[in-house]
Novice: 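First the structure, which I've put down as structure tokens, then a few questions once you've had a look.
What you are looking at is a predicted structure, and each value in this text was computed from that prediction instead of being measured. Within every chain, numbering begins at 1; the chains are lettered A, B, ... in the order of the sequence lines, protein sequences first and strands thereafter.
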Number of protein chains: 4
Amino acid sequence: MNAIDLNADLGEGFGRWALQDDEALMASISSCSIACGFHAGDPGIMRRCVRLAKDRGVAIGAHPGLPDLAGFGRRTMSVTPAEVEDLVLYQVGALEAMARSEGAAVRHVKPHGALHAMAVADRAIADAVVRGVGASGQGLRLFAPPGSMLFRAAEAAGVRVIAEGFADREYDADGRLAPRSRSGAVIHDAPLVAQRAVRMAREGVVVTSGGETIPMAVATICTHGDTPGAPEILRLVREGLERAGIAVRAPGE
Amino acid sequence: MNAIDLNADLGEGFGRWALQDDEALMASISSCSIACGFHAGDPGIMRRCVRLAKDRGVAIGAHPGLPDLAGFGRRTMSVTPAEVEDLVLYQVGALEAMARSEGAAVRHVKPHGALHAMAVADRAIADAVVRGVGASGQGLRLFAPPGSMLFRAAEAAGVRVIAEGFADREYDADGRLAPRSRSGAVIHDAPLVAQRAVRMAREGVVVTSGGETIPMAVATICTHGDTPGAPEILRLVREGLERAGIAVRAPGE
Amino acid sequence: MNAIDLNADLGEGFGRWALQDDEALMASISSCSIACGFHAGDPGIMRRCVRLAKDRGVAIGAHPGLPDLAGFGRRTMSVTPAEVEDLVLYQVGALEAMARSEGAAVRHVKPHGALHAMAVADRAIADAVVRGVGASGQGLRLFAPPGSMLFRAAEAAGVRVIAEGFADREYDADGRLAPRSRSGAVIHDAPLVAQRAVRMAREGVVVTSGGETIPMAVATICTHGDTPGAPEILRLVREGLERAGIAVRAPGE
Amino acid sequence: MNAIDLNADLGEGFGRWALQDDEALMASISSCSIACGFHAGDPGIMRRCVRLAKDRGVAIGAHPGLPDLAGFGRRTMSVTPAEVEDLVLYQVGALEAMARSEGAAVRHVKPHGALHAMAVADRAIADAVVRGVGASGQGLRLFAPPGSMLFRAAEAAGVRVIAEGFADREYDADGRLAPRSRSGAVIHDAPLVAQRAVRMAREGVVVTSGGETIPMAVATICTHGDTPGAPEILRLVREGLERAGIAVRAPGE
């Protein structure tokens, strides 16, 4: 493998509030996942992110979340599969219109926070996300952890799926992300994050919280944009990948 | 003229709440304008309305509003033109995705409540609504009162515009709707509403609050769905139109 | 026992929306639990309910819920105990101010929907609710199912607790409410609801979904106000209780 | 005059979002106005601010706003006086409960953003704010610009009112704040802000945008906490006041 996608979640503000410097993050990534208004994001922020992405040649994705602004979409909610399908479709559709109006297009979808965690572990929710993505009829790709329910649901439904790894998150031995509530679950050491990204990209492996090396063959690597120093971390990750001879580019490019 | 469109606003609930019997209203209309989540409506309600409309052969429109659930989008807010353009586009895009997923399509857009009132009277807001509608690139029609800033903005921008009259609202001598705050501004007398609809459709006129007969040449007639007895009023309007030899059908059909 | 409290949840609308006829329900009850703005309710609706309750001599309670207007507070969310304590206190405080401004006072608190279900089953959430209630420093009573975690948490903290039974809900053999998702979980047969209320009040028992008679000694009985025909059901319940020689009055009166 | 109050607006975040470093701002002020959940603020943030204020001996005030999270309460909305009264009372009551639970008390109220602007200029809205404040029955003080409708409405209703000046905002010749939309309306030059505060406190005057010196006799001075460098500006203002022999303390202390 001599190319990989590098992605970050963007536009995670609301009205006057922001979490991150979207413009600085854009400098290092090849794909971005834009919040669509339910856990974060609003129409104005979405347009600004679409423009930035288009200007920088960064591929645009939708980042739909649960309707929980107060909890930033990170609180599990007992939503039904029908509710999930509809809220994914609604959010993706809104971003597609925004992208279209700027002469761009949405290329992928990646659920956010608790919706992601639920879709990874629960097949009924995973199927609902996939139906929401597939229903748009636009040939969207879905980002999903390899081996997850979400990945399998996409494959079963014939939706194109891109295996995603998280360079700045701890993994357990079973290949799942360590829960955010656990200390150390998010890795802030920039050189370590870069090193993990390179191993994922070149060798298709990751070292777990317990020290084991497990398979993690992925086609896109995420580094979170809402951690302190995120632009610098992303810059180091990109440099590390390129120094290792791995081109950074969006899926399908 | 031997055909006219008859429209109503639908899906104006939220979560467990509803204002109207969308299914009963569908029986008499040729077009519906579906709330898109900002002043009312949610993804589940939107899907249900799209399905009902498709089943009944009713043309689907988007009914974007101001972000004011508590005020049902009827409170004027000092939003900027850029905010208006973005919130229209966001809401229309969300409904378009929902329609597409049901094998249907959005055919028109009609702003709701205070957004409608602002776009009728303020050219900068009207232009912003028109940009939001036009940006979707889907050849959508805009419903607008004849002679309004919104009508003119659409014409100036080359967006197809359909002149709309309100059979159950009082008009003043200048052709504007009487404000809702005025007693008698909404007409609840079903035979009178039907009679006003027939005169609009056949003669292109309406009788004002002051008793004058003024021009009101329209191609679509709205009767509100959230008033008590709305389904019965709509039934009488349709019967009246058909008895007068006027077919009820959506624009372009 | 020759007296019991009869309560209903009121004010469960939002902006233009309503679920029930608060005024009609007030006619039969001795206590009401008013929605406080998170799952339903808004400042204007709260004031109207406080006035109605004061006029009718109905005791006022707060009915705090999860921050989930779209889900009517019925979707379980992974909120922390600290979040629960704060959101209970916030909502109770808002209603207390409203009551004070009308020359009335809040007398009890009863959590709504998923927050109720969580507090009944999870001691950490129950303790958090009790802390939120106790923190107001106003000697509020807490309504809780007998034997529940919520009941025990209140007792442990020295908060006055009133055992509550639900006359229109099925119970399982372990004394818990059948989940709403189960068919038949809500009883709509008015004479049966009245009969169940009388047996709870006079004999301290209820017949379960499986046909067993189990203890259900309660000091307040709830009948839901958001079911069709609720005012008539409540009227029959009150008539049944009074015919059985049981006075209907608020706790402490 | 040898003492004045120095205040800032705090807690203007929501969920994961923040605008300012509340803790750093607390170091220099004698009063704070805490956002109450409608334009910003949530129960957890409110509690944290109450604790910080209590620890630092800073007097606590409520900062109620319009229900417009997306617009940060800065967009004028056509709310009725009744709506204003109720939303002020609701928000103040919520903060009072939070303060009471921490062994503290709310001492003043100051409306936020567009609600402030409306109450300054429109007597009906001013009266509604005053009714909301007075209804709490807790002897709260109201902060209001001298000469404003809000100031007069408080005086007329017998609500204690504290004249407030804004050291970091331009004034026009008529004593009104220059609108935020005007370039230069917010002053970021820290020494200049400090100098303006000292003149207000010592001489009871301010220099207008046009260069005139007009009366501005105030008992509390606000400097905004959401501008860049706000903690440093506040520190300089306090230093300037103290160097000029003016003690900084909350009203009534």
Novice: If the contact rule is any heavy atom under 4.5 Å from chain C, which residues of residues 62-75 of chain B qualify, in numerical order?
Specialist: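 When heavy atoms of chain C are the reference, residues 62-75 of chain B contributes B/L69, B/A70, B/F72, B/R74 within the under-4.5 Å range.
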Novice: Is any residue of residues 37-54 of chain C within less than 4.5 Å of chain B by heavy atoms, and which ones?
Specialist: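 Checking residues 37-54 of chain C against chain B gives C/H39, C/A40.
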Novice: With sequence neighbours excluded, what pairs up with B/S31 under the side-chain contact (heavy atoms from CB on, under 4.5 Å) test?
Specialist: B/D5, B/N7, B/A59, B/H108, B/F143, B/A250, B/P251
Novice: Residue by residue, which of residues 8-18 of chain C have a heavy atom closer than 4.5 Å to a heavy atom belonging to chain B?
Specialist: C/E12, C/G13, C/F14, C/G15, C/R16, C/W17, C/A18
